[in-house]
Chemist: 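Have a look at this one.
Proteins get letters first, then strands, A, B, ... in listed order; numbering begins at 1 in each.
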There are 2 protein chains.
Amino acid sequence: MVDIATRVWNHKWKIDPIVRSLIDTDFYKLLMCQSVFRSHPQTQVTFSLINRTTSVPLAKLIDEGELREQLDHVRSLSLARGESTWMRGNTFYGKRQMFTPEFMDWFEALRLPPYHLERKGDQYELTFEGAWPEVMLWEIPALAILMELRGRAVLDDMGRFELQVLYARAMTKLWEKVKTLRALDGLRIADFGTRRRHSFLWQDWCVQAMQEGLGDAFTGTSNCLIAKSRDMEAIGTNAHEMPMVYAALADDDATLAHAPYDVLADWQQEHDGNLRIILPDTYGTEGFLERAPDWLAGWTGIRIDSGDPAKGAEIAIDWWRRRGEDPSKKLIIFSDGLDVDKIVQLHRQFSGRVRVSFGWGTLLTNDFRGLTEGDALAPFSLVCKAVAAEGRPTVKLSDNPEKAMGPPEQIERYKNVFGVGEQERLEVVV
Amino acid sequence: MVDIATRVWNHKWKIDPIVRSLIDTDFYKLLMCQSVFRSHPQTQVTFSLINRTTSVPLAKLIDEGELREQLDHVRSLSLARGESTWMRGNTFYGKRQMFTPEFMDWFEALRLPPYHLERKGDQYELTFEGAWPEVMLWEIPALAILMELRGRAVLDDMGRFELQVLYARAMTKLWEKVKTLRALDGLRIADFGTRRRHSFLWQDWCVQAMQEGLGDAFTGTSNCLIAKSRDMEAIGTNAHEMPMVYAALADDDATLAHAPYDVLADWQQEHDGNLRIILPDTYGTEGFLERAPDWLAGWTGIRIDSGDPAKGAEIAIDWWRRRGEDPSKKLIIFSDGLDVDKIVQLHRQFSGRVRVSFGWGTLLTNDFRGLTEGDALAPFSLVCKAVAAEGRPTVKLSDNPEKAMGPPEQIERYKNVFGVGEQERLEVVV
């Protein structure tokens, strides 16, 4: 039976939007947004798209008109009543009223600020400028749009059954991963794959498959819209943009050296328990922990997001021991470029010694490697970062020089201030 | 948007019927039915289900109540107006009015006759008795019902995403086959997989995937309902039941020896061109061709349905040459237990020498081998055959003693009459 109304409705849609809601974003963005809304509501920042995989010529693959349509659609979105209710009424990390009435009033009235788009050779220059709490919300939708439009460009040429087989293969591939993970005793893993997902519907499928296949071992998703519609936990804490902007705002080297700890001091005022997770690698994990104030050792855990993850975890364990903490009570969240083999290996190496958890991103929600000719759907390393705050460039060093960002002379200055020496260079897959 | 009417309609359905139409059957059944309707309308026959794979305990897997429901549903079916229009108005094998008004009037009024079902140990005894043109129409629906109920019994325990991945794997598996076949120059292949299909919807998917993947190399489907709804050619000629019943009706050995040729003499009066296909193996291909009247060598082609197919084809080619025919003008249809490797091999060996065509059955529409634990969905060898005519047992020898059927003393008698000696024993997969 044809549902005529749905058909007509579909025809009315000028586009099938890639981002369909303001909460089709990572939970940690909303947490950080509230924090920034309170502490830096007027700070002017610039976010910019950076394609680290320059071999993928985004401007040749993606039509500028289509890209603008999708970005414009995001600007037309506002928080729906049910979404607001969910944010106001839901329990996050065991806490009621995680989002304050003041923040919710502001968020309900919000529309995302304008974007600046320009083709530069085979790449797009896409930037967002304005007040930090507004501009920061562009990161996830902008990435998701570019990832999906690139995918659609590849899918456009495929037949109906060829397409179905493509998804069949991708489903099979994910299910094999789920079956491997099912064998891990005490596994805890969440979906962190919104930003570089293949598409919203595919992420939604992956998340549900993980839930059926892994049961309680699957702890939730970072995507708020999926968490809401599938009645799951929304997962996430904080990201590099906080120390990067705090650092850029520092007036001298002494303030700069202290900036990453200021971020966490502010965070500590707002959050406790499993939300007290240190992200130590913005300017080098080792130096960060070495100089960290003692109160930080009391935090619940640490997130390892660059460098050799096993090495990072050993550094954290050693640091906790030296600060008189029991590592077996601590949580380590691995979230950098994970796939099943690495998850299995890290789980074997660290479970029991610490509490281990995984935030699985792109290779959960966008692993189409090997499924098309010329591997045209292979994921690539696209980021959207705060590149400036109040006119000053931001810098990120991380534990892998391949992930470093910022003007070269500022990178040198930061390396000196944070005492970062030679770093191991690791290939960035996603 | 929920289509409430469809939901309500679905709830009203007591069952999702496995066989949903009287033309959800093989085209050759309808051709033969018309032939039998004209020549033997009152001949009493018995058809019986035979599970050649006794290791599959059908009565343990399939609930008797469910089986009865599905069989009863088939008895409730009658030819729909659009189906009748399609049979009356369509062109089959280039011919208009393939089905006569007399036959169509009878078919429109037809309901399938009663069945007899009894559990015997771990198997079901399922038999159909009555007038040949009515009873013969039970064969395909009965097989499809048992195959699908066995499949449903396995699928019942699976989760929603596990199920989706199962079908994803099956789709991928078929698509790999399609890609292999695409490389064969001049391939001609049709779907012959109705009787032992996984399900109607799956057969429908496979047929469409073949069409998209192979284009003109895919020549059509034996399933009339799918041919009708997908606007494809309906494919098929005749089967063993014709010589088997004709033979059983023979009063003496001389008449018996001539029975297989009587079938084709009757057929020749009704059909020409690509419908003049010899099925020579019922009582041994070599003897059949050796003693065949000369007019048979003028027929369009031959269907190889048992024994070593390459050997059978060489026998046919040699026979045509000896009868002064040009084999390169002749058609050989391979239809026994085909899968891609065998198709590739036979195509390479015979294309150019003769016109080659393939009727691909169970391993097109029901290849779930290796996709479930314990291979619980692997196809098995289930047949539904005419076992008696006017109270006399039927016999089939074929070119493989594993496929022989009938009472031992009758098999001996037939072997003597048809001069069949030692035969190569080949494993029957499906």
Chemist: Give the interface residues of residues 205-233 of chain A toward chain B, defined by a heavy-atom separation under 4.5 Å.
Modeler: Trp205(A), Gln208(A), Ala209(A), Glu212(A)

Chemist: Phe334(A) vs Phe358(A) aromatic rings, parallel, tilted or perpendicular, using cut-offs 30° and 60°?
Modeler: parallel

Chemist: Quick one: which residue pairs count as a salt bridge (charged side-chain N to carboxylate O under 4.0 Å, His left out) with a foot in residues 75-84 of chain A, not counting sequence neighbours?
Modeler: none

Chemist: Checking Glu148(B) against Ser199(B): is there a side-chain donor and acceptor pair closer than 3.5 Å?
Modeler: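 No, no side-chain donor-acceptor contact under 3.5 Å.
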
Chemist: Among Asp204(A), Asp191(A), Asp24(A), Asp26(A), which residue satisfies the salt bridge (charged side-chain N to carboxylate O under 4.0 Å, His left out) criterion with Arg197(A)?
Modeler: Asp24(A)

Chemist: Can Arg196(B) and Thr362(B) be counted as having a side-chain donor-acceptor contact under 3.5 angstrom?
Modeler: yes

Chemist: Tell me the residues of residues 168-188 of chain A whose non-hydrogen atoms fall below 4.5 Å from those of chain B, in number order.
Modeler: Ala168(A), Arg169(A), Met171(A), Thr172(A), Trp175(A), Glu176(A), Lys179(A)

Chemist: Looking at Gly193(B), is its backbone amide N or carbonyl O close enough to the side chain of Thr365(B) to form a donor-acceptor pair, meaning the two atoms are under 3.5 Å apart?
Modeler: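 Yes, the answer is positive, given that a donor and an acceptor are paired below the 3.5 Å cut-off.
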
Chemist: Taking salt bridge (charged side-chain N to carboxylate O under 4.0 Å, His left out) as the definition, give me every residue that meets it alongside Glu66(B), ordered by chain and number, with sequence neighbours left out.
Modeler: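 None.
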
Chemist: Does Arg111(B), at its CZ atom, have more than 12 non-hydrogen atoms belonging to other residues, nucleotides or ligands within less than 6.0 Å?
Modeler: yes

Chemist: Do Asp339(B) and Arg369(B) meet the salt-bridge criterion of a basic N to acidic O distance under 4.0 Å?
Modeler: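 Looking at Arg369(B) and Asp339(B), the cut-off is met.
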
